[in-house]
Number of protein chains: 2
Amino acid sequence: MAEDGRPASAADSAYLTLRGDILSGDLPADERLTELGLAERLGLSRTPVREAVKRLLIEGFLTRAPGEGLRVTALQADEVEQIFRIRLMLESYGARRAAEFATEAEIAELFRLAEEISARTPARSDADYDAMTEANAAFHRTIMQAARSPRLGSMLSLAVNLGLVLRTYRMYSAQDMTRQARHHHDIAEAIAARDPEWAEAAMSHHVLAAAAIARARHGQGGSRPAA
Amino acid sequence: MAEDGRPASAADSAYLTLRGDILSGDLPADERLTELGLAERLGLSRTPVREAVKRLLIEGFLTRAPGEGLRVTALQADEVEQIFRIRLMLESYGARRAAEFATEAEIAELFRLAEEISARTPARSDADYDAMTEANAAFHRTIMQAARSPRLGSMLSLAVNLGLVLRTYRMYSAQDMTRQARHHHDIAEAIAARDPEWAEAAMSHHVLAAAAIARARHGQGGSRPAA
DNA sequence: CTCTTCCCTTCTGGATACAGCGTTGTATTC
DNA sequence: GAATACAACGCTGTATCCAGAAGGGAAGAG
């Protein structure tokens with residue numbers, strides 16, 4: 001929805017800004033908000049803000065209590081685990097389907113992206129980090145596209161959004177990074193081999209490894225303190 | 001979002017009406033639409049229609065091509081399979097978590113709903129069908145609530161919406177109905193036993209059985225012809 | 001002194017008005 | 001006859017406006 005290169009609409013940028021503010025803690029949990037207040041904060045009218053708020057409500061970042069107004073949802077203790085579990089299910093299924101339906105062009109793209117990630121590993125500069133993050137996102141996006149299931153794609157993008165904060169490679173050790181980079185090659189090969197089982201297992205492995213890293217870095221809680 | 005008893009907002013009713021029209025084929029696949037046209041059709045202004053359209057876009061019922069306008073998405077051949085597969089993953093996980101986190105009150109509610117479904121089985125009247133459908137929805141909703149994972153809940157409600165058309169019991173044989181009714185008791189017992197593995201397996205079983213029925217009834221395609 | 005009631009403030013949902021942009025159709029020129 | 005350019009129409013995104021509902025505070029009565 002905000003994945004293309006066109007200039008983001010005001011509604012999209014409002015959504016991205018607010019989500020970022022929530023994840024970064026700039027808008028603290030349990031913060032009481034109003035649409036008008038957010039509109040002024042962003043320098044927009046209420047219309048695009050309303051759209052963004054609606055979306056954030058659907059995605060669970062915000063809560064609208066009947067008499068309590070709008071609130072930032074507090075992350076639960078095991079939220080990170082849940083997100084990874086959901087990602088695990090959806091992405092593994094996506095990889096399975098990609099092995100069945102990917103075009104040759106998509107497979108080539110997967111190998112290209114895996115190569116690009118490897119070339120930057122281990123990251124040494126901000127540019128490396130950014131490029132890796134982008135290539136990684138593109139890799140997963142390509143797989144979902146190859147899965148030929150728009151529904152699955154939209155659901156996953158929701159789950160990934162939730163885990164966005166975890167997608168930064170900056171918390172990875174050099175060893176972590178090389179391992180994850182290898183995984184991308186494995187996944188691409190499994191899909192190229194048209195082997196759904198292998199692709200599913202490779203993706204499961206990949207996501208579980210990422211979960212383990214996140215768990216180790218974050219301890220039990222999320223990146224945003226629960227209180 | 002439209003689960004409470006209060007009078008539905010115009011946006012919600014627009015959403016429900018449009019979704020119904022799409023699923024029933026009243027708005028045929030590939031139909032070209034405009035927000036204004038829909039607004040006039042529904043006798044509303046563009047604002048609530050816009051909200052409904054946005055939601056339908058997220059859920060994949062509609063597609064907005066950059067220069068092509070708004071279109072009703074054509075169901076893919078294996079769409080039903082995908083929906084059930086996603087439900088399988090999410091609901092099984094939900095049942096697993098419910099076994100860990102459900103309160104005694106929620107467990108009692110599950111038994112009560114399972115009993116209500118059994119009492120109506122096999123359905124003999126329209127009222128029976130409606131009550132069963134409602135109790136079934138409540139059963140699954142209660143489990144998701146007991147899973148203590150709002151994110152999971154919102155994702156599932158998205159997936160279930162997609163499969164809404166399949167939730168009617170009217171295509172079930174008497175044998176199907178009694179089997180599904182038994183499943184609800186099994187699931188409730190597994191959760192009451194606080195056994196996550198059992199709960200997950202019971203729910204998997206339940207969803208897979210439902211998928212088999214839908215597959216048999218629908219053949220390969222969806223309920224709405226692809227063209 | 002406390003409880004209840006009424007009014008005012010504020011917030012959200014819905015409608016309408018406006019601007020920018022893309023598409024399409026037509027006319028003119030090569 | 002075909003291609004290109006220009007004009008007009010339509011659609012979407014954004015802003016502003018209006019009404020209804022809900023909450024808080026203040027004032028009056030018990």
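Just so we're clear, the structure is a prediction, and the values are computed from it rather than from any experiment. All chains are named by letter (A, B, ...) in the order of the sequence lines, taking the proteins before the strands, and each is independently numbered beginning at 1. Any value given below was found using the heavy atoms of this structure, including those in side chains, with hydrogens, waters and symmetry copies removed.
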OP1 or OP2 of D/dG13 under 4.0 Å from side-chain N/O of B/Arg50: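 Yes.
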Let me know the distance between [atom1] of [X] and [atom2] of [N], rounded to the nearest Å.
{"X": "A/Glu40", "N": "C/dT10", "atom1": "CD", "atom2": "P", "answer": "12 Å"}
{"X": "B/Glu51", "N": "D/dT14", "atom1": "CD", "atom2": "P", "answer": "15 Å"}
{"X": "A/Leu38", "N": "C/dT12", "atom1": "CG", "atom2": "P", "answer": "9 Å"}
{"X": "A/Glu35", "N": "C/dG13", "atom1": "CD", "atom2": "C1'", "answer": "9 Å"}
{"X": "A/Arg32", "N": "C/dT12", "atom1": "CZ", "atom2": "C1'", "answer": "16 Å"}
{"X": "B/Leu36", "N": "C/dC18", "atom1": "CG", "atom2": "P", "answer": "16 Å"}
{"X": "A/Arg46", "N": "C/dT10", "atom1": "CZ", "atom2": "P", "answer": "15 Å"}
{"X": "A/Arg71", "N": "C/dC11", "atom1": "CZ", "atom2": "P", "answer": "14 Å"}

Touch class at under 4.0 angstrom, heavy-atom based, for B/Arg64 against every strand present: sugar-phosphate
Sugar-phosphate only, base, or nothing, as touched by B/Thr47 at under 4.0 Å among non-hydrogen atoms: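 Answer is base: heavy atoms of B/Thr47 come under 4.0 Å of a base.
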Contact nearer the 5' end of DNA chain D, comparing B/Leu33 with A/Leu44: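 Going by which nucleotide is closer to the 5' end, it is B/Leu33.
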Under 3.5 Å side-chain donor-acceptor pair for A/Tyr15 and A/Glu59: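 Looking only at side-chain atoms, A/Glu59 and A/Tyr15 do form a donor-acceptor pair, the distance falling under 3.5 Å.
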Least distance between heavy atoms, A/Arg50 atom then B/Thr47 atom: NH2-CG2, 4.2 Å
Salt bridge flag under 4.0 Å for residues B/Glu200 and B/Arg97: no
Position toward the 5' end of DNA chain C (nearest nucleotide), A/Thr34 or B/Pro48: A/Thr34
Single hit among B/Glu91, B/Glu109, B/Glu134, B/Glu106 for salt bridge (Lys or Arg N to Asp or Glu O under 4.0 Å) with B/Arg141: B/Glu134
